[in-house]
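The figures here come from the full heavy-atom set of this structure, side chains too, leaving out hydrogens, waters and symmetry mates.
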Amino acid sequence: MGTLSLDLFITLDGVYQAPGGPDEDPEGGFEYGGWQAAYSDEEAGESIMANIDAMDALLLGRKTYDIFAAFWPVQSAGDPIAAKFNAMPKFVVSRSLADASWKGTAVLSGPADVAALKDRFSDIHIIGSGDLARPLLEAGLVDRLNLFLYPLIFGTGKRLFPDGTGVPAAFTLAEAPRGFPNGAVSLVYELAGSPITGITIGQE
């Protein structure tokens with residue numbers, strides 16, 4: 001059985017929208033696109049690339065797929081991220097997309113199809129794709145969270161769990177937290193079941 005990981009660049013207030021560029025995703029009037037680059041450094045880049053190198057399949061929601069499919073196929077063949085993404089098997093979950101234009105992409109209809117991927121691949125990663133990640137987390141299909149936390153607060157933008165969504169779940173730290181020179185922090189968690197609650201601090 002393979003592992004399904006969610007890779008997310010996220011701010012202190014939980015925003016994951018448009019880290020890569022000013023025009024990446026202006027939906028909802030979001031004015032802060034392109035916030036990740038100011039905190040990039042060699043160590044963070046190496047950590048992100050290690051995550052990408054580890055994956056053997058890429059899973060995306062429709063909106064993130066459209067962004068990636070318009071960008072990565074036209075990047076230089078010498079770009080290691082572009083080379084990896086363009087060559088690997090890719091899957092997009094969509095009810096409206098009939099034929100994916102990005103070479104090597106298959107269209108899936110929903111979470112049940114995603115579950116079947118774990119029998120075919122050893123290390124599947126979702127990048128961004130909050131609208132897809134939410135139901136997969138709620139279905140218990142996401143095994144690992146690879147979070148890159150950035151020292152920013154916007155007060156607006158897309159969040160993984162808007163108010164009133166999500167189901168209770170607990171995670172355990174799978175790797176030691178790692179801070180990078182320009183302020184980003186890598187946090188890696190694995191699903192650990194249900195939260196433990198109802199205990200007063202100090203009770204044995």
Handout entry: Check against side chain to side chain donor-acceptor pair (under 3.5 Å), Asp56 and Ser122
Key = CA-CA 7 Å; Asp56 61 353; Ser122 61; 3.0 Å; yes
Problem - Leu145 and Phe171, any side-chain heavy atoms less than 4.5 Å apart - result: yes
Handout entry: Polar side-chain atom of Lys90 near backbone of Lys103 as donor-acceptor pair, under 3.5 Å
Key = yes
Handout entry: Arg144: salt bridge (Lys or Arg N to Asp or Glu O under 4.0 Å) partners, not counting sequence neighbours
Key = Glu175, Glu190
Problem - Neighbour count above 12 (heavy atom, 6.0 Å) for Glu46 CD - result: yes
Handout entry: Polar side-chain atom of Lys84 near backbone of Met55 as donor-acceptor pair, under 3.5 Å
Key = yes
Exercise for the section: For the residue pair Tyr189 and Thr172, establish whether any side-chain heavy-atom pair is separated by less than 4.5 Å. Expected result: no
Practice task
Determine yes or no for a side-chain-to-main-chain donor-acceptor pair under 3.5 angstrom, with Arg134 supplying the side chain and Leu160 the backbone.
Solution key: yes
Practice task
Kindly indicate, with the supporting measurements, whether the criterion salt bridge (Lys or Arg N to Asp or Glu O under 4.0 Å) is fulfilled by Lys158 and Asp131.
Solution key: CA-CA 10 Å; Lys158 295 179 182 177; Asp131 288 344; 5.7 Å; no
Problem - Within-4.5 Å side-chain heavy-atom neighbours: Thr11 and Trp35 - result: yes
Exercise for the section: Test side chain to side chain contact (heavy atoms under 4.5 Å, CB included) on Leu97 and Arg62 and set out the steps. Expected result: CA-CA 8 Å; Leu97 184 65; Arg62 174 63 189 275; 3.4 Å; yes
Handout entry: Donor-acceptor contact below 3.5 Å, side chain Asp79 vs main chain Gln75
Key = no
Exercise for the section: Check whether Met88 and Ile48 end up in the same hydrophobic cluster, where Ile, Leu, Val, Met, Phe, Trp and Tyr are linked by side-chain heavy atoms less than 4.5 Å apart. Expected result: yes
Handout entry: Non-hydrogen side-chain atoms of Phe180 and Tyr39 separated by less than 4.5 Å
Key = no
Practice task
With rounding to the nearest 0.5 Å, note down the distance linking CG in Leu8 to CZ in Phe148.
Solution key: 10.5 Å
Practice task
Would you name the heavy atoms of Ile81 and Met49 that are closest together and state the gap between them?
Solution key: CG1-SD, 3.6 Å
Exercise for the section: Could you tell me whether a side-chain N or O of Ser129 sits under 3.5 Å from a main-chain N or O of Ala133, the two making a donor and an acceptor? Expected result: no
Problem - Closest approach of Pro181 to Glu43 (non-hydrogen atoms, all atoms of both residues) - result: CD-OE1, 3.7 Å
Fill in the blank from the handout: Separation between CG (Asp13) and OH (Tyr150), nearest 0.5 Å, reads 15.0 Å
Problem - Atom pair CD (Glu24) and CD (Gln36), whose distance is rounded to the nearest 0.5 Å - result: 8.5 Å
Practice task
Decide yes or no for Leu136 and Val114: does some side-chain heavy atom of the first lie under 4.5 Å from some side-chain heavy atom of the second?
Solution key: yes
Exercise for the section: With side chain to side chain contact (heavy atoms under 4.5 Å, CB included) as the test, would you mind laying out the steps for Met1 and Asp119 before giving the verdict? Expected result: CA-CA 5 Å; Met1 179 68 71; Asp119 292 326; 3.6 Å; yes
Problem - Pairs satisfying ring pair (Phe, Tyr, Trp, His ring centres under 6.0 Å), at least one member in residues 104-123, at least two apart - result: Phe91-Phe121
Handout entry: Side chain to side chain, Asn146 and His125, heavy atoms closer than 4.5 Å
Key = yes
Problem - Minimum heavy-atom distance between Pro151 and Gly183, given as atom pair plus value - result: CD-O, 3.5 Å
Completion exercise
Taking every heavy atom of Ala83 against every heavy atom of Ala77, the minimum-distance pair comes out as CB-O, 4.1 Å
Exercise for the section: Indicate yes or no: at least one non-hydrogen side-chain atom of Pro73 is less than 4.5 angstrom from one of Phe68. Expected result: no
Exercise for the section: Please round to the nearest 0.5 Å and tell me the distance separating atom CG of Asn86 and atom CG of Leu58. Expected result: 10.5 Å
Exercise for the section: Could you tell me the separation between the CG atom of Asp41 and the CG atom of Asn182, rounded to the nearest 0.5 Å? Expected result: 4.5 Å
Exercise for the section: Can you label the angle between the Trp72 ring and the Phe85 ring as parallel, tilted or perpendicular, going by 30° and 60°? Expected result: perpendicular
Completion exercise
Heavy-atom closest pair (Leu187 atom, Pro177 atom, distance to 0.1 Å) is CD2-CB, 3.8 Å
Practice task
Group every Ile, Leu, Val, Met, Phe, Trp and Tyr by side-chain heavy-atom contacts under 4.5 Å, then state whether Leu59 and Ile52 land in the same group.
Solution key: no
Exercise for the section: Say whether, by atom type as modelled, one donor and one acceptor occur between the side chain of Asp143 and the main chain of Ser5 under 3.5 angstrom. Expected result: no
Handout entry: Candidate list Ile126, Leu191, Leu117, Leu4, test side-chain contact (heavy atoms from CB on, under 4.5 Å), partner Leu141, passing option
Key = Leu4
Problem - Flag for Ser109-Arg95: side-chain donor and acceptor within less than 3.5 Å - result: no
Handout entry: Check: Phe30 ring centroid to Tyr32 ring centroid under 6.0 Å
Key = yes
Exercise for the section: Taking Gln17 for its side chain and Glu27 for its backbone only, find out whether a donor-acceptor pair lies under 3.5 Å. Expected result: yes
Practice task
Tell me whether Tyr65 is reachable from Ile127 by hopping between hydrophobic residues (I, L, V, M, F, W, Y) whose side-chain heavy atoms are closer than 4.5 Å.
Solution key: yes
Handout entry: Hydrophobic cluster identity match, Leu108 and Trp102, side-chain contacts under 4.5 Å
Key = no
Handout entry: Test side chain to side chain contact (heavy atoms under 4.5 Å, CB included) applied to Thr3 and Ile124, step by step
Key = CA-CA 6 Å; Thr3 297; Ile124 310 156; over 6 Å; no
Exercise for the section: In sequence, state the C-alpha distance, the side-chain angles, and the governing distance for Val188 and Leu147, and then conclude on side chain to side chain contact (heavy atoms under 4.5 Å, CB included). Expected result: CA-CA 6 Å; Val188 181; Leu147 306 178; over 6 Å; no
Problem - Contact summary for Ser76 and Ala82, nearest pair of heavy atoms - result: O-CB, 4.0 Å
Problem - Same cluster (ILVMFWY, side-chain, under 4.5 Å), Leu149 and Ile153 - result: yes
Handout entry: Spacing of Leu60 atom CG and Thr105 atom OG1 [to the nearest 0.5 Å]
Key = 8.0 Å
